[in-house]
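Throughout, a chain's letter reflects where its sequence line sits, starting with A, and its residues are numbered from 1.
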Number of protein chains: 2
Amino acid sequence: MPRSDSTGYVRNSRDDVVSAALGILDQQGLPDLTMRHLATTLGVAPSALYWHFPNKQSLLAAVSDQIIAAARPSAAPTDDWRSTVRAEAAALHDALLAFKDGAEVVSSTLALGLGADALQRRLAAAIGRGGFDDQTTALAAETLVHFIVGHAFHRQQRMQADSLGAVAAQHSLDRENPADRPTTPQAFDLGITLLVAGLDTQSRTTPPLGDRNGS
Amino acid sequence: MPRSDSTGYVRNSRDDVVSAALGILDQQGLPDLTMRHLATTLGVAPSALYWHFPNKQSLLAAVSDQIIAAARPSAAPTDDWRSTVRAEAAALHDALLAFKDGAEVVSSTLALGLGADALQRRLAAAIGRGGFDDQTTALAAETLVHFIVGHAFHRQQRMQADSLGAVAAQHSLDRENPADRPTTPQAFDLGITLLVAGLDTQSRTTPPLGDRNGS
DNA sequence: ACCTGAACACCGTTCAAGT
DNA sequence: ACCTGAACACCGTTCAAGT
């Protein structure tokens with residue numbers, strides 16, 4: 001919470017700024033998350049934000065980290081590694097969808113190479129329990145990240161396009177066109193299934209944890 | 001090529017505009033591809049561009065389609081379906097990397113649901129030869145698209161960050177951090193391998209084309 | 001430790017009018 | 001069929017100065 005000063009200034013902490021940014025993101029969307037709008041919401045001049053963050057990108061990175069940190073898998077990690085991967089992937093997917101334009105923010109932060117490391121680290125930890133070498137584990141985690149973020153981004157954009165009242169494009173609604181079909185939860189499940197099944201065909205350095213077929 | 005008029009006007013066709021946009025994109029990058037800059041390059045006022053395109057997004061969609069159309073797989077499609085998928089994926093990957101910021105442009109166009117359909121269509125055609133049902137084929141193609149675009153985007157961003165002279169982040173260079181490791185071609189290969197292997201474990205409606213194990 | 005005020009150098013888009 | 005000119009309503013960022 002911003003405090004009021006003896007000087008009459010509105011004094012915000014770095015966390016106040018991030019919280020306000022998350023609020024605008026969720027209620028108005030990324031296009032409305034401008035430095036000027038954010039400053040107005042906080043009751044300060046736009047330039048005040050640059051005391052807390054060197055630029056907008058780093059602000060978005062902080063927002064992005066917040067979104068990812070909110071992801072909590074529902075299942076306990078005592079299962080076999082495949083379930084752990086699926087649970088972690090689902091939790092991250094849901095976290096991206098929980099905030100409006102959440103996937104886009106994380107996607108851009110990820111691409112820029114700022115933060116959002118937690119995403120890949122958590123998936124790598126889950127995959128590592130399958131007994132793959134570090135290289136395979138890291139690369140597989142990267143593959144999962146691209147799929148999860150790409151899928152969530154795509155889905156979120158569709159949802160908003162739909163809620164904005166029909167496509168209004170030149171072909172209105174073309175069920176023959178794969179790009180016009182709704183993005184269903186099945187698409188996510190199949191993607192994860194393919195990746196996990198593919199991993200399962202890879203050679204291992206150590207026997208997987210929780211594999212019902214033993215070593 | 002823009003023609004000069006009896007009126008002294010510089011008359012551009014829609015294709016002239018797209019070509020110029022592609023040129024700016026490749027030589028300066030997406031941040032410099034502004035409507036104003038593009039107009040200057042073409043020798044017209046910014047407002048002139050709005051005769052050819054309703055807005056910037058649709059211009060980028062046309063640029064995006066152009067990038068994807070340039071993708072040509074090197075191998076003939078007479079192989080087994082797995083090689084066809086790999087060849088198609090590699091061709092699309094290379095096409096995204098061929099233009100500076102190409103992956104980002106295609107990614108945004110894709111997310112917005114404008115164009116870039118060719119990407120998914122081509123992958124679906126390749127996968128379909130594996131004998132999967134239409135649903136599985138379409139969803140698998142979507143998975144591949146997210147991976148290919150996400151991977152290329154990530155890689156392109158890294159390349160530019162590197163060429164811009166060191167990371168300059170707070171940890172400079174942290175080889176323990178998976179996000180700091182270079183994105184290698186291996187990452188792409190493994191991703192495709194996992195997806196193809198995963199698909200291979202799926203049930204089929206018809207025997208795959210070119211499967212050396214018969215039906 | 002955190003903010004103001006003023007400025008700089010830009011954006012995308014619209015629209016009536018011109019040729 | 002394609003362009004101009006002028007305007008509208010914005011952006012992110014910097015920096016000296018204030019409390």
Rounding to an integer number of angstrom, what distance separates D:dC8 and C:dC11 when you compare their C1' atoms?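 So the two C1' atoms sit 12 Å from each other.
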Whole-Å P distance, C:dA9 and D:dA9: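 C:dA9 and D:dA9 have their P atoms separated by 24 Å.
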Does A:Phe188 reach the side chain of B:Thr143, with side-chain heavy atoms less than 4.5 Å apart?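 Heavy-atom side-chain distance check fails, nothing below 4.5 Å.
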Does some side-chain heavy atom of B:Gln28 sit less than 4.5 Å from a side-chain heavy atom of B:His37?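 Yes - at least one pair of side-chain heavy atoms lies under 4.5 Å apart.
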May I ask you to decide if [Y]'s main-chain N or O and [X]'s side chain share a donor-acceptor pair within less than 3.5 Å?
X        : Y        : result
B:Asp16  : B:Ser13  : yes
A:Gln186 : B:Thr136 : no
A:Gln156 : A:Phe99  : yes
A:Asp101 : A:Leu30  : yes

Do any side-chain atoms of residues 51-61 of chain A form donor-acceptor pairs under 3.5 angstrom with protein atoms, and if so which ones, sequence neighbours left out?
unit_1: A:His52; atom_1: NE2; unit_2: A:Asn12; atom_2: O; d: 3.3
unit_1: A:Asn55; atom_1: OD1; unit_2: A:Gln57; atom_2: N; d: 3.3
unit_1: A:Asn55; atom_1: OD1; unit_2: A:Ser58; atom_2: N; d: 3.0
unit_1: A:Asn55; atom_1: OD1; unit_2: A:Ser58; atom_2: OG; d: 3.3
unit_1: A:Lys56; atom_1: NZ; unit_2: A:Leu33; atom_2: O; d: 3.0
unit_1: A:Ser58; atom_1: OG; unit_2: A:Asn55; atom_2: O; d: 2.9

What is the separation between atom [atom1] on [X] and atom [atom2] on [N], rounded to the nearest whole Å?
X       : N      : atom1 : atom2 : value
A:Leu49 : C:dC3  : CG    : P     : 8 Å
B:Trp51 : C:dG18 : CH2   : C1'   : 15 Å
A:His52 : C:dC2  : NE2   : P     : 6 Å

Salt bridge (charged side-chain N to carboxylate O under 4.0 Å, His left out) involving A:Glu88 - partner list, sequence neighbours excluded: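 Partners of A:Glu88 under the salt bridge (charged side-chain N to carboxylate O under 4.0 Å, His left out) test: A:Arg122.
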Test of understanding: with salt bridge (charged side-chain N to carboxylate O under 4.0 Å, His left out), list the residues that count as partners of B:Arg86, not counting sequence neighbours.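 None.
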Kindly state which residues belonging to residues 20-30 of chain B come within less than 4.0 angstrom of DNA chain D, counting heavy atoms of the residue only, listed by number.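 Within residues 20-30 of chain B, no residue comes under 4.0 Å of DNA chain D.
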Pairs counted only when both distances fall under 3.5 Å, Watson-Crick or G-U: show me the 5' to 3' dot-bracket for DNA chain D, [ ] for pseudoknotted crossings and | for other-strand partners. ||.|||||...|||||.||
Sugar-phosphate means primed atoms, P, OP1 and OP2; the rest is base. With that split, encode nucleotides 9-14 of chain C 5' to 3' as B, S or - using protein heavy atoms under 4.0 Å. --BBBB
Polar contact flag, side-chain donor to acceptor under 3.5 angstrom, A:His154-B:His146: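 Result is yes, a qualifying pair exists.
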Please tell me if A:Asn12 has a side-chain N or O lying less than 4.0 Å from either OP1 or OP2 of C:dC3.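 Checking A:Asn12 against C:dC3: at least one side-chain N or O falls below 4.0 Å of OP1 or OP2.
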Which heavy atom of A:Phe132 sits nearest a heavy atom of A:Thr137, and at what distance?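 What the structure gives for the nearest pair is O-OG1, 3.4 Å.
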